[in-house]
Amino acid sequence: RCVEFFETKLGGDHLWSIEALLMLASAQYGRGLHEESFASYSLAKQKSERALGALHPVTFGTRLGMAQELLHRGLAEEAVPEYRAAIDGLSTLWGGHNSLTLRISVGLGSALSSLKRYTEILELVEELLPELTDNFGPSAGPTLLMQRLEIQSNRELHNACLLYTSDAAD
C-alpha cells in the first residue's frame, strides 16, 4: 500500500516511491517471497537507474538487493557484478569501506565461493579481513564468515601450510 500511495501522490519515479519499492522488496526477501522480491528489486533497480542515476545510493541499494536475490536463486555469476557495483559505488560515495560495505563484501565472498573463484576470495580476504576485524571484532559474524571463506579457499587451492599459519586460524 505504501508503494501505491507514493506512486499515486508523487509519481512512480519519485525518490520516495522508489525507496518504498526497495523496502517492499527487502521485506518480501526477508519473508521468503522470492518471486515477489525478485520482481520488486528488478523494478526498483530499473526505476532508480532511470530516475536517480547509476551513482545514487538508492540505486546501489537496489543492486545489493538484486545481488542477494540472484545468489539465493543460484545465479552467482550474475550476482558478482551486482555486489561489486554496490561495494565500489558505496565505497566511493563514502570515501572507503564502512560496516555496510564490509557486510556486502561477505556476500560477494559467498558468491565467489559458489563459483569456486578461490584466488579472488583470498584477494578479498587480504584486503578486507583486517577492516572486518577492526570494525566488528575478531569473533563477530562477518569476520568469522570471511575467515571461513579464507580457510575454505586455502584448502581448495591446496595451500595447506596457510591453513594453520594465517591470522584466521589464530
Under 3.5 Å: donor-acceptor pair, side chain of N98, backbone of T101 = yes
So, K47 and E7, do they make that salt bridge, N to O below 4.0 Å?
-> yes
For E69 and Y29, which heavy atoms make the closest approach, and how far apart are they?
-> OE1-CD1, 3.1 Å
Parallel, tilted or perpendicular: which fits the ring planes of H34 and H72, with parallel below 30° and perpendicular above 60°?
-> parallel
To the nearest 0.5 Å, what is the distance between CZ (R103) and CZ (F136)?
-> 4.0 Å
Minimum heavy-atom separation for E82 to E78, with atom names?
-> CG-O, 3.6 Å
Heavy-atom pair of closest approach, residues F38 and R73 | CB-NH2, 3.2 Å
Partner of L52 by side-chain contact (heavy atoms from CB on, under 4.5 Å), out of I18, D13, T62 = I18
Under a single-linkage definition using a 4.5 Å side-chain heavy-atom cutoff for Ile, Leu, Val, Met, Phe, Trp and Tyr, are L145 and Y118 assigned to the same hydrophobic cluster?
-> yes
Derivation of the side chain to side chain contact (heavy atoms under 4.5 Å, CB included) call for L90 and L64 = CA-CA 10 Å; L90 291 171; L64 170 59; over 6 Å; no
Out of curiosity, N154 CG to I121 CD1, how far, rounded to the nearest 0.5 Å?
-> 10.0 Å
Rounded to the nearest 0.5 angstrom, the CG-OG distance for L22 and S17 is 12.5 Å
When every non-hydrogen atom of L132 is compared with those of P142, the smallest separation belongs to CD2-CB, 3.9 Å
Side-chain heavy atoms under 4.5 angstrom apart, residues restricted to Ile, Leu, Val, Met, Phe, Trp, Tyr: same cluster for Y41 and L75?
-> yes
In one Ile/Leu/Val/Met/Phe/Trp/Tyr side-chain cluster, 4.5 Å: L129, L122 | yes
Do V106 and L115 share a hydrophobic cluster, counting only Ile, Leu, Val, Met, Phe, Trp and Tyr and linking them when any side-chain heavy atoms are less than 4.5 Å apart?
-> yes
Under 4.5 Å between side-chain heavy atoms, hopping through other hydrophobics if needed: is there a path connecting L157 to L112?
-> yes
Nearest non-hydrogen partners of M146 and V125, listed with the distance = SD-CG2, 3.7 Å
Look at the side chain of T143 and the backbone N and O of G137, then say whether any donor-acceptor pair between them is shorter than 3.5 Å.
-> yes
Could you walk me through whether N135 and H97 pass the side chain to side chain contact (heavy atoms under 4.5 Å, CB included) check?
-> CA-CA 10 Å; N135 277 271; H97 287 291; over 6 Å; no
Can you tell me if T59 uses its side chain to pair, donor with acceptor, with the backbone of A54 under 3.5 Å?
-> no
What are the two closest non-hydrogen atoms of A76 and L71, and how far apart are they?
-> CB-CD1, 4.0 Å
Value rounded to 0.5 Å, distance of CD1 in I87 from CG in L100 = 9.5 Å
Sidechain-backbone polar pair: S113 side chain, G109 backbone, donor-acceptor under 3.5 Å | no
In Å, rounded to the nearest 0.5 Å, how long is the span from CG of L149 to CD of E156?
-> 11.5 Å
Gap separating the CZ atom of R148 from the OG atom of S110, nearest 0.5 angstrom | 7.0 Å
Could you go step by step and tell me if F60 and L55 meet the side chain to side chain contact (heavy atoms under 4.5 Å, CB included) rule?
-> CA-CA 7 Å; F60 296 131; L55 301 178; 4.1 Å; yes
